[in-house]
Colleague: 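My questions all concern the structure below.
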Amino acid sequence: MNVLNKTSLIPEMTSSSLAGGGCSQQNVTDPEVTSVSFPPSKQTCVALGRGRMSVPQGGPLPGPAELGSEPPGGKRRPHGMLKLYYGLPDPAAEARGGLAPGGDPGGPTDINGAHFDPEVFLTKLRKECSLAQLMDCETDMVKQIRALDSDMQTLVYENYNKFISATDTIRKMKNDFKKMEDEMDCLAANMAVITEFSARISSTLQDQHEQITKLSGVHTLLRKLQFLFELPARLTKCVELEAYGQAVRYYSKARSILHQYQHMPSFQGIQDDCQKIMANLAQKLREKFRDGGSGAKDLAECVELLLQLDEPAEELCDEFLSHARCRLEAELEALEAELGQPGGAPITDILEFIDRGCNIFVSNMCLVIASYQELFVSREGVQGITRMAQDKLVAFVNSLMETYFSLVERRIQLEKGVGDNSLLVRALDRFHRRLQALAKLLPASNVAAEGTEIVVRAAKERIRQYLLALQSFYQDCLTDVRQSLAAPRLAGKESPNLAELLGTISASVLNQIKSVLTYVHLFTAKDITFSNKPYFKGEFCSQGVREGLIVGFIKSICQTARQFCETTGDKGGSTPPALLLLLSRLCLDYETSTISYILTLTDEQFLVQDRSPITPVTSLCAEAREAAQRLLNHYVKVQGLIISQMLRKSVETRDWVNTIEPRNVRAVMKRVVEDTTSIDVQVGLLYEEGVRKAQSSDSSKRTFSVYSSSRQQSRYAPSYTPSAPLDTNLLSNIQKLFSERIDIFSPVEFNKVSVLTGIIKISLKTFLECVRLRTFGRYGLQQIQVDCYYLQLYLWRFVCDENLVHFLLDEIMGSTAHRCLDPVPMEQSVIEVICERG
Amino acid sequence: MEDDAPVIYGLEFQARALTPQIAETDAIRFLVGTQSLKYDNQIHIIDFDDENNIINKNVLIHQAGEIWHISASPADKGVLATCYNKTSDSKVMTCAAVWRMPKELESGSHESPDDSSSNTQTLELLCHLDNTAHGNMACVIWEPMGDGKKLISLADNHLLLWDLQESSSNAVLSNSAALEGKGQLKFTSGRWSPHHNCTQVATANDTAIRGWDTRSMRQIYYIENAHGQLVRDLDFNPNKQYYLASCGDDCKVKFWDTRNVTEPVKTLEEHSHWVWNVRYNHSHDQLVLSGSSDSRIILSNMVSISSEPFGHLVDDDELSDQEDHHQEEKTKEPLQDSIIATYEEHEDSVYAVEWSSADPWLFASLSYDGRLVINRVPRALKYHILL
């Protein structure tokens, strides 16, 4: 420290000495100063370098041009010198050597070179340079020498001052060190004394310390041994006191030691004893565990202890689960008992059943799962155990839940009542809700999904049942209608009012649909847990309710209608015609309003979010309309057939050649008119009047009779004359040319007139064909004349175009005339009289 | 002229009876029997000149009475049988007889129409089928493919089998069967099956169809309620031995497999009134004609139940490459039963339709007003079947 301080003082001292210009010579000769070396400062180094260089340059012949022309060379020179010093070629020196008069670097003429030979230099100068150059050279050299001299002087001063101050410093230091050395000697002596004492004490205490350590070791060992020896007794006591936890703790402490020293007989004995006791303990624990009566906490403790006793965890799991299984299966059996006898009615209603299932079985299941998870799964144990235990639990739960689900499904299947299903929905809701809890406890099991599946299946089944119920309800309605159609006739009353029946059936079916919709709607109520499942949001509404139930039902109505047209058509028609008519109207009503009403109702109640394709209203309407059309056509056919049969029998069974002169209209014709009238009434109850051809609206009976009589005269008279066999054909052909072709069994329109026209067409055409197959005598012809006139009188009012009746009756008369052996027509007036009388 | 326009021929009288001259296989010839109570009835021999689209007729007088049914012998061109009404003492009786036409008319003469009307010729009576014990004759059926010696006639509720002897001059009743049952049972029509060595006959009465074995005269099948109402006519599929077509007053044509008579194989419901006649084409049994009192004739293509469900099968060696190609194309096409055409040339009820025995693509139909119409199968369909 002192040394450093002193060196830092050195420049100050030099500057002050320089300024002072005086020198203290007395310290220079101090021998100790030379031994101290200074770190060379930069300043001094440069000064020294320059000093050294300048000494040879400050020779007698310094180049004046050299100094004047190269001021930067001065800066470079020290480097050049240094390089030279280290034996490196100096490019600067070389360059200068070229310019300098003695340009031979390193040679004897180089004034700064090591091999400078003044003689050679001078000779060379003298030989090569002119006088003026020599003069210049000389002045230059003198200048350089002066400069070098002054530089050297400055350096010497500087160094001298530094030496002086260094000498001072060193002297001061020398004094200080001497003092310190004394003190150190004293300290060393003291320390030696202390060391000696200490060694002495240690050696004295050495023996005792070892003894103490040994003793304390023995003591510990003895205590341990004592613990071991006492262990069996202690354990027994613990067992007696039922302090199983304590016992297990003791045992687990000692176990490893006992195990380690088991080769020694005494330890062996202790170990055997302990093991016996612990086995006993484990046995007791197991019993307790198996007993199961104890609370969950006790149970948990049991398991904890057993696990600590290294009982195999898997076995414990199995035992636990099998024990739980016993109890749960007993509960399931109790549940099954509630299902009642196979085929018999269930003992309890479904809500109660599910309640019982939820409250007893499912909640116990939850308890079992929870305690099991606490015991085995969530323990900080080995990973392997946890997984194994978890797997076991899942398998256990799945198998039991499967049984439970099958029970529930069986119970749901027993639920066949088609009325209010709020109980069912509530039961399903509860079922589903409880399963959610279970699923939350055990996410690995698939109970939630399966439970939802069951609910979905139940819902589907329910829809199916409702569809069946609707269908059977519809069938019942039809049966009712049949009965009421059949019954009053026996009582001799007026035929039942079809319009009323239609109203009843239509309203009751609609009500039934509505109530079923209400029932089904319960499935999607907001407070029902499963209603927000994707199935119930989408498919249930669109595919289930709309398509499966409503559309299915409407289609089945149409299907039933078509069946009426197909099956009974050939076999003589067991269906009462009135029913056909009624159904036709029903289908037509469906087409016009009911279907769209029902579907709108459905769509409103079940906001269909599903994108799956649904049957459009129009196609249903088309189907209904087609059914209505077919029913009505069939009705016309059946009624036409009934009248046709009467006419045909009457024509076929009579001997027309040998008949008597007509006095009356035949009864069958009256019957035909009566039946037609009653059909007219019947159809009028359900269908609108319809449009008639304009001409018939103002035709009255009187004008009609005149018209017809004149027509008959003009039409039939010529054909009876035997002279012109071609005339009839000609006439009838011409007649036909101008009349439109008549389709007999053609589709009818939805109005009364069209229906009646259809029936009359069929009847008269049959009449015509039958007549053509017979041969008539004179009176036969006249009878037909009377009959036809009678029909003409009464049938025109039913049809849309009375010309049709005229035309067909004309055909009949014409054909009869052809088939007559003795065609003598009756007087028109007589015919009129007979008809009016009859 | 090769167009498909129908050819129409008018008779003076009303007519129900029509038959092709079955024994004739070269010329297109039909026989028509008239119905008139007041004048002499006639049998018109209608010759159709296919190339010139001209009809030539010859008229034979049938003095016995109005003709309800006519049938030509399958062996002898000149022989035919009629069922006719005989009126005597204000009693009407339907009888049947076998006739021979004049030799020169057998293969048709090409006299001009006005000539034939001037010198009308008369039929030669061969023999009566004596029905005094059995009631009114509904129809007479010749044994198909036979030698023209066997006949069956339907008389009220009797099925009578006759043998013609001594060059058809004598008819001997060889066997008979009677329909037993409640009420008045009457046969309406019958058909002799060309299969099974001509041992089967089918008859219709009321709504039922019955099959008979001509050897034992026993019933072999019974289609109860074949039609909802009266069964009007029957025909056997000429190529499929168990197939039978029937028609009736329920406006339907039904096709039956006689081995399973509980359900019809197929039902057509195209007519809007009674169907009086149904006929299979002799060569291409998918073509079925039906005539109805709605004045329409319907030609149906019943491919699915025909003997050629995959089109006409030509022998392989006859096929050129091109034909082969055509056939492949055809088998690929889905063939469906369809209505080919509805013919509406008639103004009155059509009581008879018949295929020509000579040209399988030509048929005649007869309506009550005496109009005979000759039609052809549409050319497109013809080529479709042939190629």
Colleague: Set out, in order, the CA-CA distance, both residues' side-chain angles and the distance that settles side chain to side chain contact (heavy atoms under 4.5 Å, CB included) for A:His818 and B:Leu37, then state yes or no.
Modeller: CA-CA 7 Å; A:His818 275 294; B:Leu37 290 168; over 6 Å; no

Colleague: What is the distance from atom CD1 of A:Ile762 to atom SG of B:Cys251, rounded to the nearest 0.5 Å?
Modeller: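 The CD1 atom of A:Ile762 sits 8.0 Å away from the SG atom of B:Cys251.
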
Colleague: Can you list everything that forms a side chain to side chain donor-acceptor pair (under 3.5 Å) with A:Arg778? Sequence neighbours excluded, please.
Modeller: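 With neighbours one apart ignored, the set is A:Asp822.
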
Colleague: Start with the C-alpha distance between B:Arg16 and A:Leu773, add both sets of side-chain angles, then the distance that settles side chain to side chain contact (heavy atoms under 4.5 Å, CB included), and finish with yes or no.
Modeller: CA-CA 10 Å; B:Arg16 282 177 184 269; A:Leu773 289 171; 3.4 Å; yes

Colleague: Can you tell which part of A:Thr653 gets under 4.5 Å to a heavy atom of chain B, answering side chain, backbone, both or neither?
Modeller: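 Contact with chain B: none, neither part.
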
Colleague: OG1/A:Thr766 to CG/B:Asp249 distance, rounded to the nearest 0.5 angstrom?
Modeller: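 Answer for the OG1-CG pair, A:Thr766 versus B:Asp249, is 7.5 Å.
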
Colleague: Is A:Arg774 positioned over the aromatic face of B:Trp68, cation under 6.0 angstrom from the ring centre and no more than 45 degrees off axis?
Modeller: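 Pair A:Arg774/B:Trp68 does not count as cation-pi.
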
Colleague: For the atom pair NZ (B:Lys38) and CG (A:Leu821), what is the distance rounded to the nearest 0.5 Å?
Modeller: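 CG of A:Leu821 is found 8.0 Å from NZ of B:Lys38.
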
Colleague: Among side-chain atoms of B:Tyr368 and A:Glu769, is any donor-acceptor pair under 3.5 angstrom?
Modeller: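 The answer is no; no qualifying pair exists.
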
Colleague: Give me the atom names and distance for the closest heavy-atom approach of A:Lys765 to B:Ser293.
Modeller: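 Taking every non-hydrogen atom into account, NZ-O, 2.9 Å.
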
Colleague: Answer whether the closest heavy-atom distance between the side chains of A:Arg648 and B:Leu230 falls below 4.5 Å.
Modeller: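 Side-chain contact under 4.5 Å: yes.
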
Colleague: Give a yes or no on this: more than 12 heavy atoms of other residues, nucleotides or ligands lie within 6.0 Å of atom CD of A:Glu626.
Modeller: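 Yes - once you tally the heavy atoms of other residues, nucleotides and ligands closer than 6.0 Å, there are more than 12.
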
Colleague: Contact part of A:Leu768 toward chain B, heavy-atom cut-off under 4.5 Å: side chain, backbone, both or neither?
Modeller: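 Contact with chain B is absent: no heavy atom of A:Leu768 under 4.5 Å.
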
Colleague: Please list, chain by chain and in numerical order, all residues satisfying side chain to side chain donor-acceptor pair (under 3.5 Å) with B:Ser36, sequence neighbours excluded.
Modeller: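 B:Ser36 satisfies side chain to side chain donor-acceptor pair (under 3.5 Å) with no residue once adjacent residues are dropped.
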
Colleague: Report yes if some heavy atom in the side chain of A:Arg772 is under 4.5 Å from a heavy atom in the side chain of B:Asp348; otherwise report no.
Modeller: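 The answer is yes; the side chains approach within 4.5 Å.
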
